[in-house]
Amino acid sequence: MRPPCGQPPRPPLPTWQHGGVTAATHSSLFPQVPESADAVLDGLDPEQREVAMALHGPVCVLAGAGTGKTRAITHRIAYGVRAGILQPASVLAVTFTNRAAGEMRGRLRQLGAGGVQARTFHSAALRQLQYFWPKAVGGDLPRLLERKVQLVAEAAARCRIRLDRNELRDVTSEIEWSKVTQTVPADYPAVVAKTQRDAPRDPAEISQIYAMYEQLKRDRSLIDFEDVLLLTVAILQDRHDIADHVRRQYQHFVVDEYQDVSPLQQRLLDLWLGDRDTLCVVGDASQTIYSFTGATPDHLLNFRTRHPNATVVKLIRDYRSTPQVVHLANGLLGQARGRAAEHRLELVSQREPGPEPVYTEYADEPAEAEGTARRIRDLIAAGVPAGEIAVLYRVNSQSEVYEQALADAGVPYQLRGAERFFERAEVREAGIALRGAARAGGNDSLLDDAEGLPAEVRAVLSTKGWTTEPPAGSGAVRDRWESLAALVRLAEDFEQAKPGATLSDLVAELDERAAAQHAPTVQGVTLASLHSAKGLEWDAVFLVGLNEGMMPITYAKTDEQIEEERRLLYVGVTRARFHLSLSWSLSRSPGGRAGRRPSRFLNGLRPGSVALGTRGAAGGGGTERGPGPVAKRGRRGPARCRVCGKTLTDAGEMKLMRCDDCPSDMDEALYERLRDWRAVRAKEIGQPAYCVFTDKTLMAIAEAVPGSAGELAGISGVGARKLDRFGTAVLAICAGETVEEGLGAAVDEV
């Protein structure tokens with residue numbers, strides 16, 4: 001049976017030989033708990049099974065992207081627990097994000113290994129610090145400083161050093177790096193010189209700010225997240241009785257993403273272990289992308305040196321991506337240099353063939369965003385769920401133009417890094433409503449006509465904003481609906497997996513998921529930085545902004561920094577299961593000089609290009625050009641400030657056609673009338689205000705006061721679609737009609 005158009009083919013057989021092992025892809029949300037320890041091993045491929053059964057001595061798992069490392073180590077823990085070899089409370093599994101820890105706890109629970117501790121380094125250390133502080137130090141543990149930026153700013157001010165916002169962020173990062181590499185303030189300048197680190201300010205100034213920051217924390221009885229690790233290490237080093245207590249409790253350790261361990265985290269792990277070797281580490285040196293935080297793959301690469309008798313297992317069967325995607329990923333690393341590259345894993349795809357990666361060149365960044373949005377809309381129309389699509393970029397500041405383009409195209413999206421699912425207001429409200437309905441049982445009139453668990457959930461959530469059809473557009477209203485729809489889908493999956501399940505059973509499941517931060521999938525295109533996409537995957541991935549200066553980033557100077565940028569792109573490529581699109585633009589703004597070049601990392605990979613070290617022009621061949629409007633945009637002259645004549649590059653300034661600090665002749669009364677109209681219009685169509693017009697566009701309209709459709713169309717941010725939908729109302733307001741008349745025009749023209 002052929003899959004729907006645009007959807008990746010699913011493996012037809014359940015055995016690993018036929019691609020049935022879906023390591024982290026499309027697994028059942030509610031699998032049956034295995035009946036026995038041996039049943040835990042069912043469905044694992046030979047290498048994964050070897051990991052699962054290696055329960056003694058040091059174990060090192062070298063796992064490529066998409067090879068099922070999380071599956072292998074969770075089944076290892078579950079097999080050990082179910083076989084009676086490991087006691088759940090004696091196992092500590094450590095990873096690097098709360099999301100990954102929550103996913104691991106959820107998987108272990110589904111395998112019948114509840115009770116195993118799966119935490120981040122900081123979370124595990126904080127629990128120990130809170131428990132042992134009264135005994136080791138006395139009194140209450142100092143208050144944890146959630147965000148250190150404000151205190152760093154105060155420290156700089158006391159040192160009479162002025163930092164702008166970007167410098168403040170960079171100096172804060174330097175302090176974090178210093179602490180995880182166990183560098184004290186006085187030693188910072190010497191360490192920077194020795195390591196050739198590119199400091200964002202004079203090292204002597206950073207040392208001064210760092211010392212003052214530490215002093216302010218002491219004066220106010222505060223600790224930061226790095227202190228949590230440092231203090232735990234200090235207590236375990238100084239108090240052998242406490243170290244023995246911890247070692248009696250935790251006797252088996254599993255460390256995920258071991259290539260990202262910092263020297264401080266490794267020191268803490270050594271203290272947890274003592275003289276034992278009951279350690280399993282999992283990692284991939286080719287996915288080391290956090291060295292700026294102090295992470296280093298050296299601990300992974302030197303594992304066999306430290307543990308000569310270690311069992312080493314390599315996972316290279318890629319169950320995530322098609323051969324076309326895997327071929328590109330292997331080719332990308334094939335040009336890599338350095339120690340990590342010497343230990344790279346050559347992946348072998350286990351999936352059916354798919355489409356070739358698409359390379360697209362655009363005239364400018366807005367054209368790239370619009371073209372990407374069109375392609376995404378086409379994929380959704382072809383059957384790819386919005387939640388299975390991602391747009392990945394190098395830095396977060398690139399997201400704005402894609403947010404606007406997706407909103408203009410009517411495509412729902414979500415920003416990676418937003419609040420956790422179970423902490424959203426609508427999810428908390430839904431949980432309260434479902435709990436109340438479960439307690440009321442047959443006495444709740446809402447459930448009178450509902451038959452079956454999904455129908456009951458739909459009935460309850462319909463009072464909170466869920467409808468059978470999603471609201472138009474994107475924004476807050478759509479986000480709320482998507483959250484509730486995720487709960488409805490979860491109820492449907494739960495009932496299918498557990499026939500006869502009640503509303504109370506579902507509430508209990510939601511409580512367990514909330515505790516584990518094991519969230520259901522929310523439908524909406526994901527916008528994320530490449531760094532934050534680590535550990536995630538989608539059916540379709542768009543890698544955008546792949547220009548020299550952005551990939552690799554302009555401040556990557558040394559060979560190792562360049563290689564880390566290559567690994568970052570590799571991480572992005574390997575997030576894709578089926579569809580992969582790579583794009584770049586020739587200029588930043590419409591009409592700008594087309595002087596940009598595609599990333600050097602694509603040389604020799606994209607059609608018509610040549611590898612580094614050979615002569616010849618890159619480009620051409622099978623590289624696509626951006627459709628339609630691109631050529632038209634390219635004929636415009638550079639955008640210049642209408643006040644001072646300076647060339648504009650910032651998107652917001654280009655909307656206003658002036659520099660932010662140049663004087664404005666905006667009609668403020670008109671601006672306020674436009675804002676009032678926009679608020680009403682947005683409410684009518686169920687979209688956030690910026691989907692009608694952004695603040696910058698309204699400011700530009702209020703400054704230009706257009707008198708015709710042609711003049712309005714000439715304002716950046718007013719495309720043909722918005723001119724058609726909103727032009728009559730806007731021109732009426734600009735002509736001096738009352739707000740009421742303007743609103744009426746807005747309603748009449750729809």
Side-chain angles (χ1 to χ4, degrees), residues 69-70 73-74 77 88-109 113-137 140-148 176 179-180 222-236 242-243 245-273 279-283 290 293-295 299 417 419-423 511-519 531-532 534-536:
K69 67 179 180 62
T70 305
I73 59 176
T74 52
I77 295 170
S90 72
V91 180
L92 178 59
V94 188
T95 188
F96 283 81
T97 67
N98 289 318
R99 183 200 60 79
E103 180 186 353
M104 191 177 291
R105 287 193 295 270
R107 291 196 186 198
L108 289 169
R109 181 169 62 88
V116 172
Q117 293 292 307
R119 299 187 174 277
T120 64
F121 270 102
H122 286 90
S123 173
L126 182 59
R127 281 173 63 90
Q128 293 175 20
L129 197 60
Q130 290 169 330
Y131 184 81
F132 291 113
W133 185 268
K135 179 179 180 180
V137 181
D140 295 329
L141 181 69
R143 183 164 57 88
L144 185 63
L145 180 65
E146 295 285 348
R147 295 184 69 252
K148 57 173 69 71
E176 292 172 347
K179 299 185 76 166
V180 300
L222 296 170
I223 59 173
D224 59 26
F225 281 103
E226 289 71 41
D227 291 329
V228 169
L229 300 183
L230 286 163
L231 291 170
T232 305
V233 164
I235 288 175
L236 294 177
I242 293 176
H245 186 132
V246 172
R247 291 167 191 158
R248 282 194 302 272
Q249 177 171 355
Y250 295 120
Q251 298 169 24
H252 302 273
F253 297 86
V254 177
V255 184
D256 194 10
E257 305 288 2
Y258 193 56
Q259 77 278 354
D260 292 331
V261 166
S262 71
L264 179 56
Q265 289 165 333
Q266 181 63 47
R267 180 62 186 137
L268 178 59
L269 179 61
D270 290 340
L271 288 166
W272 282 340
L273 274 166
L279 172 66
C280 174
V281 301
V282 189
Y290 297 110
T293 67
H299 304 298
E419 62 183 329
R420 296 178 184 176
F421 179 83
F422 289 104
E423 293 173 2
D511 287 342
E512 290 192 31
R513 281 174 165 261
Q517 286 299 326
H518 187 197
H531 281 101
S532 66
K534 178 76 168 64
L536 303 176

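In this text, all values refer to a predicted model and were calculated from it rather than measured experimentally.
At a threshold of 4.5 Å between non-hydrogen side-chain atoms, the residues Leu126 and Leu141 count as touching. Using a 4.5 Å heavy-atom cutoff, the side chains of Trp272 and Val246 are in contact. Between Arg247 and Leu271 the shortest side-chain heavy-atom distance falls below 4.5 Å. Counting heavy atoms from C-beta outward, Val261 and Leu269 have side chains that stay 4.5 Å or more apart.
At distances below 3.5 Å, not a single donor-acceptor pair connects side-chain atoms of Arg105 with backbone N or O atoms of Val116. In this structure a side-chain-to-backbone donor-acceptor pair under 3.5 Å is missing from Asp227 to Leu230.
Tested against Leu236 for a side-chain contact (heavy atoms from CB on, under 4.5 Å), the candidates Leu231, Leu268, Asp270 yield a single pass: Leu268.
To the nearest 0.5 Å, atoms OG1 (Thr70) and CE (Met104) are separated by 6.0 Å. The distance from atom CZ of Phe225 to atom CD of Glu176, rounded to the nearest 0.5 Å, is 10.0 Å. In this structure, OH in Tyr290 is found 6.5 Å from NZ in Lys534, a value given to the nearest 0.5 Å. Phe121 contributes atom CZ, which lies 10.5 Å from atom CG of Asp260 (distance to the nearest 0.5 angstrom). To the nearest 0.5 Å, atom OG of residue Ser123 and atom CD of residue Gln128 are 10.0 Å apart. Interatomic distance, Leu144 CG to Asp224 CG, rounded to the nearest 0.5 Å: 8.0 Å.
A donor-acceptor pair shorter than 3.5 Å can be found between the side chains of Gln259 and Glu257. At a cut-off of 3.5 Å, with distance as the only test, no side-chain donor of Tyr258 or Gln265 sits close to an acceptor on the other residue.
Taking all atoms of both residues into account, the shortest heavy-atom contact from Thr95 to Ala101 is CG2-N, 3.5 Å. For the residue pair Asp256 and Phe96, the shortest heavy atom distance occurs at O-CE1, 3.4 Å. Residues Trp133 and Pro142 come closest through the heavy atom pair CZ2-CD, 3.5 Å. The minimum heavy-atom distance linking Leu264 with Leu229 is given by the pair CD2-CB, 3.6 Å.
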Would Phe132 and Thr232 count as a side-chain contact (heavy atoms from CB on, under 4.5 Å) if you check the C-alpha gap in whole Å, the side-chain angles of each, and the deciding distance to 0.1 Å? CA-CA 9 Å; Phe132 291 113; Thr232 305; over 6 Å; no
